[in-house]
Protein chains: 2
Amino acid sequence: MEVEFKAMLDDLDVLEKSLSDPAPIHKLRSHVENLAALSKGNTHRRSKVKELSSEVVDSNPYSRLMALQRMGIVENYERIRDFSVAIVGIGGVGSVAAEMLTRCGIGRLLLYDYDTVELANMNRLFFRPDQVGMTKTDAAVQTLAEINPDVILESFTMNITTVQGFETFTSSLKNKSFCPNKEGSGVDLVLSCVDNYEARMAVNQACNELRQTWMESGVSEDAVSGHIQLLVPGETACFACAPPLVVASGIDERTLKREGVCAASLPTTMGVVAGLLVQNSLKFLLNFGEVSPYLGYNSLKDFFPTMQMRPNPQCSNVACLERQKEYMLEKPARDAAAKAKKEAEALTAIDDGPLHDDNEWNISVVDDENEKDTTKASSSSGALPEGLTRELPEADEYEKAIAIGSGETEEEDEDDLEELKKQLEALNAA
Amino acid sequence: MEVEFKAMLDDLDVLEKSLSDPAPIHKLRSHVENLAALSKGNTHRRSKVKELSSEVVDSNPYSRLMALQRMGIVENYERIRDFSVAIVGIGGVGSVAAEMLTRCGIGRLLLYDYDTVELANMNRLFFRPDQVGMTKTDAAVQTLAEINPDVILESFTMNITTVQGFETFTSSLKNKSFCPNKEGSGVDLVLSCVDNYEARMAVNQACNELRQTWMESGVSEDAVSGHIQLLVPGETACFACAPPLVVASGIDERTLKREGVCAASLPTTMGVVAGLLVQNSLKFLLNFGEVSPYLGYNSLKDFFPTMQMRPNPQCSNVACLERQKEYMLEKPARDAAAKAKKEAEALTAIDDGPLHDDNEWNISVVDDENEKDTTKASSSSGALPEGLTRELPEADEYEKAIAIGSGETEEEDEDDLEELKKQLEALNAA
């Protein structure tokens with residue numbers, strides 16, 4: 001529109017010179033200027049801020065977030081501006097996750113999708129009918145930039161499952177220009193919000209290669225259940241460690257989808273899954289609460305199963321096996337660090353008195369009964385129905401396999417630490 | 001803007017007559033017409049639809065919702081267009097709940113709030129910075145009408161806790177013009193998404209008076225937990241049946257809020273609570289899954305407690321006591337209907353064969369272990385800490401009290417049904 005306004009004002013200048021009475025031109029010019037001002041929208045578009053303020057005034061977009069610090073939930077909320085999060089798949093879950101992180105004031109968002117907005121997407125949150133036909137990444141950037149100009153938005157309109165796309169994907173994750181001194185890759189977390197197996201495997205491959213922690217999310221085709229899962233290469237199962245049955249038996253999922261049949265979806269289920277995903281991300285990034293390794297959502301019964309999945313020593317993904325090996329080698333150092341931290345905390349605890357001296361009502365904190373119950377879901381019985389054989393080893397067998405593979409047992413931890421220290425000293429001396 | 005465009009075209013007409021060469025005017029006119037077209041937005045603004053189509057095409061905004069029918073989740077999704085839902089409080093939870101219901105194609109939404117949009121609200125979903133200064137109801141109607149023009153939106157910019165506001169509130173709930181033959185009030189469900197006790201008590205009062213089923217929602221001041229609750233007057237506890245401790249001890253909550261201190265909030269927690277609330281509403285309205293009587297969300301541990309609360313026979317709310325009496329009087333008829341339904345279902349079950357004859361993998365359905373665990377939360381121990389006395393009777397005592405109060409015991413159900421039938425016949429004969 002700005003181009004049109006400029007052209008009109010130029011035309012009016014030319015016309016004015018050819019007229020004896022400039023009054024009608026002046027009138028037209030003021031119309032054009034009014035319209036230009038109107039088209040730019042109102043004056044409430046918010047400007048960028050330099051620092052997150054905790055001041056309690058209506059005009060502070062961060063007051064309710066900085067309150068998390070004062071309430072003792074988050075130690076340092078301002079760190080959020082240092083973090084980069086990549087979101088793969090800007091659909092029903094990914095778009096809402098992007099909006100939540102944007103409103104939380106995340107430092108930088110990288111958005112990946114190759115699809116365009118359709119009217120058929122309007123039963124999920126975020127996209128608007130006037131964005132139909134735009135790419136999902138462009139439409140997302142349009143909306144998110146308006147909501148919070150402080151967030152750096154990078155959009156990648158492409159398919160990460162193609163050879164070219166995968167390369168662009170991994171090199172964009174490696175780019176450290178936002179935070180040059182950061183350890184590891186250029187992003188702090190990758191969120192997978194895609195709707196198919198192929199794309200999940202591509203994210204898995206990239207993250208295994210880059211030692212990149214990521215979170216996976218999914219919603220069932222009948223729209224009434226979903227899940228989120230934390231994947232730390234080497235430490236937890238990767239996506240290829242425990243493939244879904246349909247893949248294990250060699251069936252291509254594309255043959256399962258029939259012509260003219262579309263999956264159901266609901267803004268509720270997708271909104272809940274996006275909320276749980278970003279909440280888990282905030283806990284992971286800002287270091288508060290307990291980060292869930294896996295959380296399911298069965299909306300018909302409002303049932304939320306949790307579990308933990310260890311890596312599969314027979315995983316078909318080579319990069320996963322490498323990360324598993326590294327993780328086992330780093331175990332002694334990790335154990336020592338955990339022990340040192342525990343001792344330091346114990347020392348601090350002695351110094352502290354009771355939290356509230358004036359306990360007028362004799363209120364005491366008790367353990368949550370249900371906590372144990374919800375994590376029990378992973379302990380399934382060993383028996384399998386007739387006709388099924390176990391593709392993967394059982395969890396107990398796994399620990400043994402890894403221990404044998406890396407030539408160590410639980411008892412030898414301390415010795416290994418000594419060994420590692422010596423190696424480190426030798427390296428430093430060299 | 002349209003007024004400006006019209007004025008410009010008129011001015012150009014006048015100018016054209018005074019000129020010998022009309023070419024510059026033609027050029028200017030085409031600029032104005034281009035701008036007018038651009039300002040109206042693109043052609044993708046979606047038009048209203050007459051009937052919900054299940055056709056699987058990109059241009060159908062209801063295809064993914066109608067798929068719920070084909071997948072056997074919902075029996076008749078189109079009924080959604082017959083329902084009216086009132087949302088009280090268009091803040092972090094209410095606005096998202098309104099957007100979800102709008103995208104689901106709900107028939108009619110009634111929105112209540114007296115507040116205006118501020119930049120301090122930008123850390124929750126829904127409102128945009130360009131809406132700052134608008135009333136929340138106006139801003140919501142602007143956004144929702146654009147998302148789905150099929151939904152009838154009624155906005156009430158007012159405080160329901162004032163005498164005048166409460167009257168407008170109850171009379172708007174009673175208005176049956178949308179669905180004249182509907183039983184009960186003019187709405188199918190009221191969702192309370194307010195942030196204070198006073199407003200909850202006003203919703204409670206109105207719903208008790210109108211025999212109106214409603215759902216309550218809330219998010220904690222530290223932003224990391226929340227809950228939803230179903231309230232059916234007479235059948236479940238009303239909001240006054242089990243007042244929070246702070247009210248029971250006679251402290252006004254307004255004295256607890258200090259100057260310059262604001263509650264924390266997160267788009268994640270509010271999005272999850274809104275999602276759980278609207279999911280429960282859809283289950284209630286469209287009759288699928290299990291409607292949760294109470295569902296909590298502790299985001300630090302990803303723990304979701306459930307419980308059921310019976311009404312308090314000593315409730316301070318007179319309308320609640322009346323509803324409790326009615327509910328007990330209707331018990332025999334309800335039991336008989338449930339028995340008849342069970343018998344009819346048993347008869348149908350005999351006719352049906354096994355669901356899948358070709359059970360190649362011998363897969364059988366087993367009960368979910370965790371299901372019982374999550375509902376255990378309500379069974380607290382009887383012992384109270386020193387200094388606290390029980391304000392309300394225990395659940396077991398309550399059943400006895402009601403049974404005595406209405407002069408019946410479990411064994412007399414059949415006789416009471418006979419008695420009621422006789423009374424009904426006598427009334428019909430009169």
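Treat the numbers as computed from the prediction; the structure is a model and nothing was measured.
Heavy-atom pairs under 4.5 Å with chain A were tallied for B:Gly271, B:Ala264, B:Gly289; the largest tally goes to B:Ala264. Put simply, of A:Ser299, A:Pro24, A:Ser63, the one with the most heavy-atom pairs under 4.5 Å next to chain B is A:Ser299. The most heavy-atom pairs under 4.5 Å with chain A, out of B:Ala67, B:Gly275, B:Ala120, come from B:Ala120. Here A:Asp11 is the residue among A:Asp11, A:Val278, A:Asp21 with the most heavy-atom pairs under 4.5 Å with chain B. Between chain A and the options B:Glu99, B:Arg124, B:Lys27, heavy-atom pairs under 4.5 Å are most frequent for B:Arg124.
Neither the backbone nor the side chain of B:Asn148 comes within less than 4.5 Å of any heavy atom of chain A. Within the 4.5 angstrom heavy-atom criterion, only backbone atoms of B:Phe127 (N, CA, C, O) approach chain A. Contact of B:Thr269 with chain A is made through backbone and side chain together, with heavy-atom distances under 4.5 Å. Looking at B:Leu277, there are no atoms closer than 4.5 Å to chain A (heavy atoms on both sides), in backbone or side chain. With a 4.5 Å cut-off on non-hydrogen atoms, A:Val57 touches chain B through its backbone but not through its side chain. The contact between B:Leu28 and chain A is made by backbone and side chain atoms together, counting heavy-atom distances below 4.5 Å. Interface residue A:Leu15: only side-chain heavy atoms are found under 4.5 Å from chain B. Only the side chain of B:Leu295 comes within contact range of chain A, judged by heavy atoms closer than 4.5 Å.
Every side-chain contact (heavy atoms from CB on, under 4.5 Å) that B:Ser53 has, sequence neighbours left out, goes to B:Glu55, B:Asn60. Take A:Phe288 and apply the side-chain contact (heavy atoms from CB on, under 4.5 Å) test, not counting sequence neighbours, and it matches A:Ile73, A:Val74, A:Leu282, A:Lys283, A:Leu286, B:Val224, B:Leu300.
For the pair A:Cys104/B:Leu266, a side-chain contact is recorded, criterion being any heavy-atom separation below 4.5 Å from C-beta on. Side chains of B:Val96 and A:Leu125 form a contact here, defined as non-hydrogen atoms less than 4.5 Å apart. Between B:Asn280 and A:Thr268, the closest side-chain pair of non-hydrogen atoms is not below 4.5 Å.
Rounding to the nearest 0.5 angstrom, the gap separating the CG atom in A:Leu276 from the OH atom in B:Tyr297 is 5.0 Å. Between A:Glu118 atom CD and B:Asp58 atom CG the span is 4.0 Å, to the nearest 0.5 Å.
Taking every heavy atom of both residues into account, B:Ile147 and A:Pro129 meet most closely at O-CG, 3.5 Å. Here the closest heavy-atom approach between residue A:Lys301 and residue B:Glu290 is recorded as NZ-OE2, 3.4 Å. Residues A:Ser59 and B:Leu119 come closest through the heavy atom pair O-CD1, 3.4 Å. The two residues A:Leu68 and B:Ala223 come nearest to each other via the heavy atoms CD2-CB, 4.0 Å. Of all the heavy atoms in B:Ser265 and A:Leu65, the pair that sits closest is O-CD2, 3.6 Å.
Checked options A:Arg64, A:Met100, A:Gln279; the residue passing with B:Pro267 is A:Met100 (criterion: side chain to side chain contact (heavy atoms under 4.5 Å, CB included)).
A donor-acceptor pair under 3.5 Å links the side-chain atoms of B:Arg103 to the main chain of A:Met122, judged by distance alone.
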